[in-house]
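Treat the numbers as computed from the prediction; the structure is a model and nothing was measured.
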Amino acid sequence: MDGNVRIRSLVGVDDPLFWPALELYVESFPRDEREPLAGVAEAAAGRGPALLWIAEREDALAGLAYFYLDATAGCALLVYLVTAPSARGQGVAQALIESVRNRAAEAGIGVVFFECERPEDAVGGERAAREQRLAFFARRGGRLISRGYTQPALAPDRAPVPLYLMAFAQEPVDWPGRIAGLHQGILGYPADSVAERATLEQLEV
C-alpha cells in the first residue's frame, strides 16, 4: 500500500473529510442497504455505537470503514467498506480491514462479521462484480459463514436484504454462539429469533 495512506477516525463535523465521507457512503451502496444518514453522521462525528474510520492520502479521502464492536457479544460487524474510485487497486481496502481487525483484537474480539451481496440475486451484469467481491474477501482470509442471513430493514421505509454472512476469524470459533451474539447484541433481535435461526440453518462452517 502507498505509505502516504493513513487510517484514522473522523474528528467531527468540522473535519474536512466529513462530508466527502458521507458522500462516498451514499454513492456506494443501494438505498435498502444504507443505514439512515443521520446515524452514519453520528458515527462520523464520534457519537453513537458505530465507528467510522477513513483512509486518507494527501488530505483526500481514499476509503472508509463503518463498523460495530461488541465485546459482550464476542464479535464485531463491519457494515460498510469502500474505497474511493481514485484510490482503488492501491491496498486501501486491505489497510482498512487490518485496522478494523486490530481494533477488534484490542477489545478481545476474534470474529469480525461482514455482509456480502449474493451473486445469485444479481440483476443484469452485476453478478460478475459480486463474485469478484467474494473472491477479494476470500483472498484476504474472509470465509462464508451462512447463506441464510438477511440484513434487517434499516429504517421503516427500507426493506430487508438477503445477503451472505461472512467473517474474518481466529479459529476455533463457537459459531452458533457468535451468530447469536451478532443477532442479539449488535442487530438487536430477541433470543432465538427467526432471523437467527435462518442464519444457523444454512451454516457453511
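How far CG of D70 is from CZ of F113: 11.5 Å, rounded to the nearest 0.5 Å. The line from CZ of R118 to CZ of R130 is 9.0 Å long, rounded to the nearest 0.5 Å. The CG atom of L69 sits 9.5 Å away from the CD atom of E106 when rounded to the nearest 0.5 Å. To the nearest 0.5 Å, atoms OG (S146) and CG (L203) are separated by 5.5 Å. Interatomic distance, CD of Q202 versus CG of L144, reported as 10.0 Å (0.5 Å rounding). Taken to the nearest 0.5 Å, the CG atom of L10 stands 4.5 Å off from the CD1 atom of I54.
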Name the atoms and distances for all side-chain donor-acceptor pairs under 3.5 Å in residues 188-201, with sequence neighbours left out.
unit_1: S193; atom_1: OG; unit_2: E196; atom_2: N; d: 3.1
unit_1: E196; atom_1: OE1; unit_2: Q184; atom_2: NE2; d: 2.9
unit_1: R197; atom_1: NH1; unit_2: D192; atom_2: O; d: 2.7
unit_1: T199; atom_1: OG1; unit_2: H183; atom_2: NE2; d: 3.4
unit_1: T199; atom_1: OG1; unit_2: A195; atom_2: O; d: 3.0

May I have the list of side-chain donor-acceptor pairs in residues 19-29 shorter than 3.5 Å, sequence neighbours left out?
unit_1: Y25; atom_1: OH; unit_2: E35; atom_2: N; d: 2.7
unit_1: Y25; atom_1: OH; unit_2: E35; atom_2: O; d: 2.7
unit_1: S28; atom_1: OG; unit_2: L24; atom_2: O; d: 2.6

Atom pairs and distances, side-chain donor-acceptor, residues 154-181, under 3.5 Å, sequence neighbours left out:
unit_1: D157; atom_1: OD2; unit_2: R31; atom_2: NH2; d: 2.7
unit_1: R158; atom_1: NH1; unit_2: R31; atom_2: O; d: 3.4
unit_1: R158; atom_1: NH1; unit_2: R34; atom_2: O; d: 2.5
unit_1: Y164; atom_1: OH; unit_2: E120; atom_2: OE1; d: 2.8
unit_1: Y164; atom_1: OH; unit_2: E120; atom_2: OE2; d: 3.2
unit_1: Y164; atom_1: OH; unit_2: R147; atom_2: NH1; d: 2.9
unit_1: E171; atom_1: OE1; unit_2: V173; atom_2: N; d: 3.1
unit_1: E171; atom_1: OE2; unit_2: R143; atom_2: NH1; d: 2.2
unit_1: D174; atom_1: OD1; unit_2: G177; atom_2: N; d: 3.1
unit_1: R178; atom_1: NE; unit_2: A73; atom_2: O; d: 3.3
unit_1: R178; atom_1: NE; unit_2: G74; atom_2: O; d: 3.4

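Both I186 and V40 are part of a single hydrophobic cluster, where members link through side-chain heavy atoms under 4.5 Å apart. Under a hydrophobic clustering in which Ile, Leu, Val, Met, Phe, Trp and Tyr are joined whenever their side-chain heavy atoms come within less than 4.5 Å, directly or via other members, L134 and Y149 fall into different clusters. Neither F114 nor V111 shares a network with the other; the hydrophobic side chains, linked directly or stepwise wherever heavy atoms of I, L, V, M, F, W or Y lie under 4.5 Å apart, form separate groups for each. Under a hydrophobic-cluster definition in which Ile, Leu, Val, Met, Phe, Trp and Tyr are linked whenever side-chain heavy atoms come within less than 4.5 Å, directly or via other members, L51 and V112 are assigned to the same cluster. L61 and V92 fall into different hydrophobic clusters, where Ile, Leu, Val, Met, Phe, Trp and Tyr residues are linked whenever their side-chain heavy atoms come under 4.5 Å apart, directly or through other members.
Minimum interatomic distance between Y66 and A43 (heavy atoms only, all atoms of both residues): CE1-CB, 3.6 Å. The two atoms that bring P119 and R127 nearest to each other are O-NH1, 3.3 Å, heavy atoms only. Listed here is the closest heavy atom pair of A107 and A71: O-CB, 4.0 Å.
Residues satisfying the salt bridge (Lys or Arg N to Asp or Glu O under 4.0 Å) criterion with D15, sequence neighbours excluded, are R8. Residues passing the salt bridge (Lys or Arg N to Asp or Glu O under 4.0 Å) test with E98, sequence neighbours excluded: none.
Residues L81 and F137 are in side-chain contact: their nearest non-hydrogen atoms beyond the backbone lie under 4.5 Å apart.
A donor-acceptor contact shorter than 3.5 Å links the side chain of R140 to the backbone of F136. Side chain of Y68 to backbone of C75: no donor-acceptor contact under 3.5 angstrom is found.
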* L64 and L96: side chain to side chain contact (heavy atoms under 4.5 Å, CB included), yes or no, with the steps? -> CA-CA 7 Å; L64 65 83; L96 285 163; 5.6 Å; no

* **E115 and L78: CA distance, side-chain angles, deciding distance, side chain to side chain contact (heavy atoms under 4.5 Å, CB included) verdict** => CA-CA 8 Å; E115 305 155 333; L78 175 57; over 6 Å; no

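Within the structure, ring pair (Phe, Tyr, Trp, His ring centres under 6.0 Å) contacts touching residues 30-61 (residues at least two apart or in different chains) are W53-F67.
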